[in-house]
Amino acid sequence: MITLNFDDGFKTSISEAYPILKKYHILATHFVISDYTSFYRYMDLNDLKTLKDAGHEIQNHTKTHKNLFLLSISDMQDEIGESKKVLQSQGFTTTAFNYPYGAVNNLVRAKVIENGFIGARSAIRGFNTKNTDPFMLKDQFVGEDVSFDEVKTLIDNAVTNKTWLILELHDVASKENA
C-alpha cells in the first residue's frame with residue numbers, strides 16, 4: 001500500500017498537486033494546521049472542501065504547528081483537541097494525526113489517543129508492517145532533492161516487501177511558480 005501525505009496544508013497542494021492527482025485518479029491525505037486556513041500560503045476551507053468532495057482525506061496537524069514536547073499538558077490538549085473540533089465543525093472527519101516536527105513521546109502519544117484518533121504519523125523514516133504501532137507510523141520524506149528514481153525505488157521496495165509506504169510531501173510548488 002502506498003499513501004501520499006501532504007503536510008501543513010500549503011496552497012500548492014491544491015494548485016499544483018491536485019490537478020495531477022485528479023488526472024491520474026490518485027487520492028491523498030492532507031494534514032492541515034487548523035489555524036492556518038486563512039493564511040496566504042495555505043489552503044482555505046473552500047480548498048479543503050474541494051479536496052474532501054473529491055475523495056481526499058483532511059486530517060489533523062494541530063492548531064498552530066507547535067512542538068508538542070515543549071507545551072504544558074493544557075496547551076498540548078488545546079493544540080490537539082481544539083484543532084480536531086475546528087476541523088470537525090467544518091465537516092471534516094479527522095481520525096488521523098500528524099505530530100508536528102515528528103515530536104512524539106509517551107505523553108504526546110497518550111494525548112493523541114485520548115482525543116480519539118485511531119493512528120498518527122511520526123517523522124521516523126521507514127516502512128510500515130502489520131506490527132507497526134498505529135501511533136508511530138513511519139514515512140519517507142520526498143523533498144525537492146529526492147529524484148523520481150529514488151521514489152520509484154521506495155515504491156518498488158514496498159511492493160516487493162509487502163509493506164505500507166507513506167510518502168511525506170510539503171510545499172510542492174514547481175520551480176517556475178516558486
Side-chain angles (χ1 to χ4, degrees), residues 1-33 36 41-43 47-62 65 67-69 80 87 92-106 108-109 112-113 117-178:
M1 182 166 61
I2 316 294
T3 305
L4 294 178
N5 283 183
F6 289 88
D7 285 5
D8 303 330
F10 286 107
K11 190 79 165 173
T12 56
S13 295
I14 194 156
S15 64
E16 302 281 329
Y18 176 61
I20 296 166
L21 297 172
K22 185 176 179 180
K23 178 180 178 180
Y24 293 102
H25 309 285
I26 298 171
L27 300 176
T29 302
H30 302 265
F31 286 97
V32 299
I33 304 163
Y36 287 14
R41 292 185 61 214
Y42 295 86
M43 291 186 284
D47 296 331
L48 297 177
K49 288 178 181 179
T50 296
L51 290 171
K52 177 187 171 221
D53 291 346
H56 293 250
E57 291 185 329
I58 306 302
Q59 298 293 348
N60 193 318
H61 199 30
T62 69
H65 204 272
N67 184 331
L68 298 173
F69 276 176
I80 297 167
L87 292 172
F92 304 107
T93 304
T94 58
T95 58
F97 187 83
N98 182 356
Y99 305 107
Y101 311 104
V104 57
N105 60 18
N106 288 336
V108 171
R109 184 180 180 281
V112 168
I113 293 169
F117 293 98
I118 61 170
R121 202 194 80 221
S122 69
I124 298 168
R125 301 300 173 233
F127 297 83
N128 300 286
T129 69
K130 64 181 180 180
N131 297 319
T132 301
D133 178 345
F135 292 92
M136 292 297 293
L137 295 173
K138 301 170 188 168
D139 73 359
Q140 297 288 342
F141 178 75
V142 179
E144 65 182 35
D145 60 337
V146 176
S147 71
F148 173 82
D149 288 339
E150 289 172 296
V151 173
K152 185 178 180 319
T153 297
L154 291 170
I155 292 169
D156 290 345
N157 286 341
V159 170
T160 299
N161 297 314
K162 297 182 174 142
T163 57
W164 176 18
L165 170 62
I166 300 173
L167 296 172
E168 172 193 342
L169 301 105
H170 285 83
D171 195 352
V172 293
S174 65
K175 292 184 189 230
E176 296 82 35
N177 294 330

Contact check, side chains of [X] and [Y], non-hydrogen atoms, under 4.5 Å:
| X | Y | result |
| --- | --- | --- |
| Leu48 | Val32 | yes |
| Asp8 | Phe31 | no |
| Leu167 | Ile2 | yes |
| Leu169 | Val172 | yes |
| Met43 | Phe10 | no |

Which heavy atom in [X] sits nearest to a heavy atom in [Y], and how many Å separate them?
| X | Y | value |
| --- | --- | --- |
| Phe117 | Thr94 | CE2-O, 3.9 Å |
| Gln140 | Phe127 | NE2-CE1, 3.7 Å |
| Phe92 | Lys49 | CZ-CG, 3.8 Å |
| Ala103 | Val108 | O-CG1, 3.9 Å |
| Ala123 | Gly102 | CB-CA, 3.7 Å |
| Val142 | Val146 | CA-CG2, 4.1 Å |

Between [X] and [Y], is there a side-chain N and carboxylate O pair less than 4.0 Å apart?
| X | Y | value |
| --- | --- | --- |
| Asp171 | Lys11 | no |
| Asp156 | Lys152 | yes |
| Lys138 | Glu168 | no |

Before we go on, tell me: are the rings of [X] and [Y] under 6.0 Å apart, centre to centre?
| X | Y | value |
| --- | --- | --- |
| Tyr36 | His65 | no |
| His56 | Phe6 | no |
| Phe97 | Tyr99 | yes |

When you measure from the side chain of [X] to the backbone N and O of [Y], does any donor-acceptor pair fall under 3.5 Å?
| X | Y | answer |
| --- | --- | --- |
| Thr3 | Ile166 | no |
| Gln59 | His30 | no |
| Thr163 | Thr129 | no |
| Thr153 | Asp149 | yes |
| Glu150 | Ser147 | yes |
| Asn60 | Thr62 | yes |

Practice item. To the nearest 0.5 Å, tell me how far Thr95 OG1 sits from Ile118 CD1. Key: 4.0 Å
Review point. What distance separates Ser13 OG from Asp47 CG, expressed to the nearest 0.5 Å?
Key: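 Reported value, rounded in 0.5 Å steps: 9.5 Å.
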Check your understanding: Just wondering, are more than 12 heavy atoms of other shown residues or ligands nearer than 6.0 Å to CG in Asp53?
Key -> yes
**Study point:** Among Asn128, Thr29, Asp7, side chain to side chain donor-acceptor pair (under 3.5 Å) partner for Arg121
**Key:**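 So, applying the side chain to side chain donor-acceptor pair (under 3.5 Å) to Arg121 and each of Asn128, Thr29, Asp7, only Asp7 qualifies.
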